[in-house]
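Just so it is clear: chains get the letters A, B, ... in the order the sequence lines come, proteins before strands, and each one is counted from 1. Note that the structure is a prediction, hence the values are computed from the model and not measured.
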Protein chains: 2
Amino acid sequence: MEKKYYKIEDVSIKTGLTKRAIRYYEDLNLIAPKRTDSGYRLYTDEDIDKIQKIISLKESLGFSLAEIKAALELDKNVKNILSGESADITTIDNYIDMIKEQIKLINEKSNKLLTAKQRFEELLLKLNKLKDQFKEADTI
Amino acid sequence: MEKKYYKIEDVSIKTGLTKRAIRYYEDLNLIAPKRTDSGYRLYTDEDIDKIQKIISLKESLGFSLAEIKAALELDKNVKNILSGESADITTIDNYIDMIKEQIKLINEKSNKLLTAKQRFEELLLKLNKLKDQFKEADTI
DNA sequence: GTTAACATTAACGTCAAGGTTAATGTAAAA
DNA sequence: TTTTACATTAACCTTGACGTTAATGTTAAC
């Protein structure tokens, strides 16, 4: 099957990022699209997936682009090892520790999110009660 | 009971923020400490709690300081209403909608965090299996 | 009473993450 | 074939969130 290629404007529409932002991510070596002979950028579906992943990490985790780069590289290195690339046990242990660290970070954020959510839900509950009182008063 | 007051350096130590950042938050009207006659800032425990809340919102939700200000004001307005401040039903409905919006946002972030976490946990599992294979090979 | 360790404001600097503009090249459509 | 709608790089601009420095005031310790 032939690979489909997208030009930057399509990618911009698909992802919601501006063209400037997409080029900027390339400057930071977060993505590396192919080029036509005349220099136009050509993006595959995998490139677009990666951009979506970047957006998700940015928005949900509040990661900086530098942190995202590190996380993506960790992911890639681990996948290379899993698909057969040679590695010694020390390296593997290192990656295990790094992944555990990421998971720990995510758990901390999750807990904080949960706390914030609960505070808002309490307020919501109380406001709804207040509203009910209003309605009762109207019908008396 | 007498209220205890802290000077900016103590607050800096307690919160981990720099004095510059603490003053900056005041510029943005996120906090409003009292002052001594000579102009020194005086922070109460409640001020410090609020700063901790700001830090938490910043780090977990990735909120900007402007967004944090809006969230804190929403929280304060709702609490004022709940403690007796007069309000009509339209206002209450408005606040209910705003809180629901916040909760929705938080849920979206939670889901993304969960996805990211699962991806890392999968990698961790696979890496641990690989490590076990290494150990078996050693003992043969 | 003076020195050290705090505090203040004001102003300029910095860094990340893009926005914007300019000058120019390429591809597709009329 | 010449617009029109794309694309490119380069360079400077902007905004948020502070850092840093300077000039100066205050308080506590000696």
Side-chain angles (χ1 to χ4, degrees), chain A residues 4-44 47-48 50-73 105 109 112, chain B residues 4-44 47-48 50-73 105 109 112:
Chain A
K4 209 198 159 188
Y5 288 108
Y6 304 87
K7 280 193 280 186
I8 195 162
E9 177 136 50
D10 299 334
V11 178
S12 170
I13 292 167
K14 271 178 179 283
T15 62
L17 292 180
T18 64
K19 294 189 263 182
R20 177 65 170 96
I22 297 170
R23 293 194 186 104
Y24 181 61
Y25 292 177
E26 188 178 344
D27 286 351
L28 300 184
N29 294 313
L30 285 169
I31 41 180
K34 290 183 67 172
R35 300 280 185 137
T36 66
D37 287 352
S38 61
Y40 280 31
R41 289 171 178 80
L42 294 177
Y43 299 87
T44 65
D47 288 328
I48 294 176
K50 196 168 179 186
I51 292 175
Q52 308 275 21
K53 213 180 267 181
I54 293 170
I55 295 172
S56 181
L57 285 170
K58 229 173 86 80
E59 295 191 341
S60 63
L61 309 185
F63 275 15
S64 70
L65 293 176
E67 289 170 318
I68 291 174
K69 196 183 167 192
L72 290 179
E73 273 167 8
L105 243 159
K109 296 213 180 201
K112 287 185 185 173
Chain B
K4 207 195 161 190
Y5 288 108
Y6 304 87
K7 279 192 282 184
I8 196 163
E9 178 136 50
D10 298 335
V11 178
S12 170
I13 291 167
K14 271 177 179 282
T15 62
L17 292 181
T18 64
K19 294 188 262 183
R20 177 64 172 97
I22 296 170
R23 294 195 186 101
Y24 181 62
Y25 292 176
E26 189 178 345
D27 286 351
L28 300 184
N29 296 313
L30 285 169
I31 40 180
K34 291 183 66 171
R35 300 279 187 139
T36 68
D37 287 352
S38 60
Y40 280 31
R41 289 171 177 82
L42 294 177
Y43 298 86
T44 65
D47 288 328
I48 294 176
K50 196 167 180 187
I51 293 175
Q52 309 276 20
K53 214 180 268 182
I54 294 170
I55 295 173
S56 180
L57 285 170
K58 229 173 85 80
E59 294 190 344
S60 64
L61 308 186
F63 275 15
S64 71
L65 293 176
E67 290 170 318
I68 290 173
K69 196 186 166 192
L72 290 179
E73 273 166 9
L105 242 160
K109 297 209 181 204
K112 287 185 186 173

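Going from atom CD1 of Ile31(A) over to atom CD1 of Ile51(A) covers 4.0 Å, rounded to the nearest 0.5 Å. For the atom pair CG of Asp10(A) and NZ of Lys4(A), the computed distance is 7.0 Å after rounding to the nearest 0.5 Å. With rounding to the nearest 0.5 angstrom, the OH atom of Tyr24(A) is 6.0 Å from the CG atom of Leu65(A).
Every residue meeting the side-chain hydrogen bond (donor to acceptor under 3.5 Å, both in side chains) condition with Glu26(A), not counting sequence neighbours, appears here in chain and number order: Arg35(A), Arg41(A). Residues meeting the side-chain hydrogen bond (donor to acceptor under 3.5 Å, both in side chains) test with Tyr5(B), sequence neighbours left out: Lys34(B).
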Using atom names, set out every protein N or O paired with an N or O of nucleotides 26-29 of chain C below 3.5 Å, distance rounded to 0.1 Å.
from	atom 1	to	atom 2	distance (Å)
dT26(C)	O4'	Tyr40(A)	OH	3.4
dA27(C)	OP1	Ser38(A)	OG	3.2

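dC18(D) atom P lies 11 Å from atom CD1 of Ile31(B), rounded to whole Å. Rounded to an integer number of Å, the gap from NZ of Lys69(B) to C1' of dA17(D) is 15 Å. Between Leu42(A) atom CG and dC6(D) atom P the separation is 17 Å, expressed in whole Å. At whole-Å resolution of the value, OH in Tyr43(B) and C1' in dT8(C) are 12 Å apart. A straight line from CG of Asp37(B) to P of dA7(C) spans 18 Å, rounded to a whole angstrom. At whole-Å resolution of the value, OH in Tyr6(B) and C1' in dA7(C) are 19 Å apart. Residue Ile51(A) contributes atom CD1, which lies 16 Å from atom P of dA17(C) at whole-angstrom precision. Rounded to whole Å, atom C1' of dA5(D) lies 15 Å from atom CD1 of Ile8(A).
The minimum heavy-atom distance linking Ile8(A) with Arg23(A) is given by the pair CD1-CG, 3.6 Å.
Residue pairs meeting the salt bridge (charged side-chain N to carboxylate O under 4.0 Å, His left out) criterion with at least one partner in residues 52-67 of chain B, sequence neighbours excluded, are Lys112(A)-Glu59(B).
When the nucleotides dT9(C), dT8(D), dA17(C) are ranked by their closest atom to the side chain of Leu65(A), dA17(C) comes out on top. Of the listed nucleotides (dT8(D), dA17(C), dC6(D)), dC6(D) has the atom at the smallest distance from the side chain of Glu9(A).
Counting only distance, with no hydrogens or angles, the side chain of Lys109(B) and the backbone of Gly62(B) share no donor-acceptor pair below 3.5 Å.
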Per-pair distances, 0.1 Å, donor-acceptor, side chain in residues 11-20 of chain B, under 3.5 Å, sequence neighbours excluded:
from	atom 1	to	atom 2	distance (Å)
Ser12(B)	OG	Leu17(B)	O	2.7
Thr15(B)	OG1	Val11(B)	O	2.8
Thr15(B)	OG1	Leu17(B)	N	3.2
Thr18(B)	OG1	Ala21(B)	N	3.0

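Heavy-atom distances under 4.0 Å link DNA chain D to Thr18(B), Arg20(B), Ala21(B), Tyr24(B), Tyr25(B) of residues 15-30 of chain B, given in residue order.
Remark: Arg41(B) is not in phosphate contact with dA7(C), judged by side-chain N or O atoms under 4.0 Å from OP1 or OP2.
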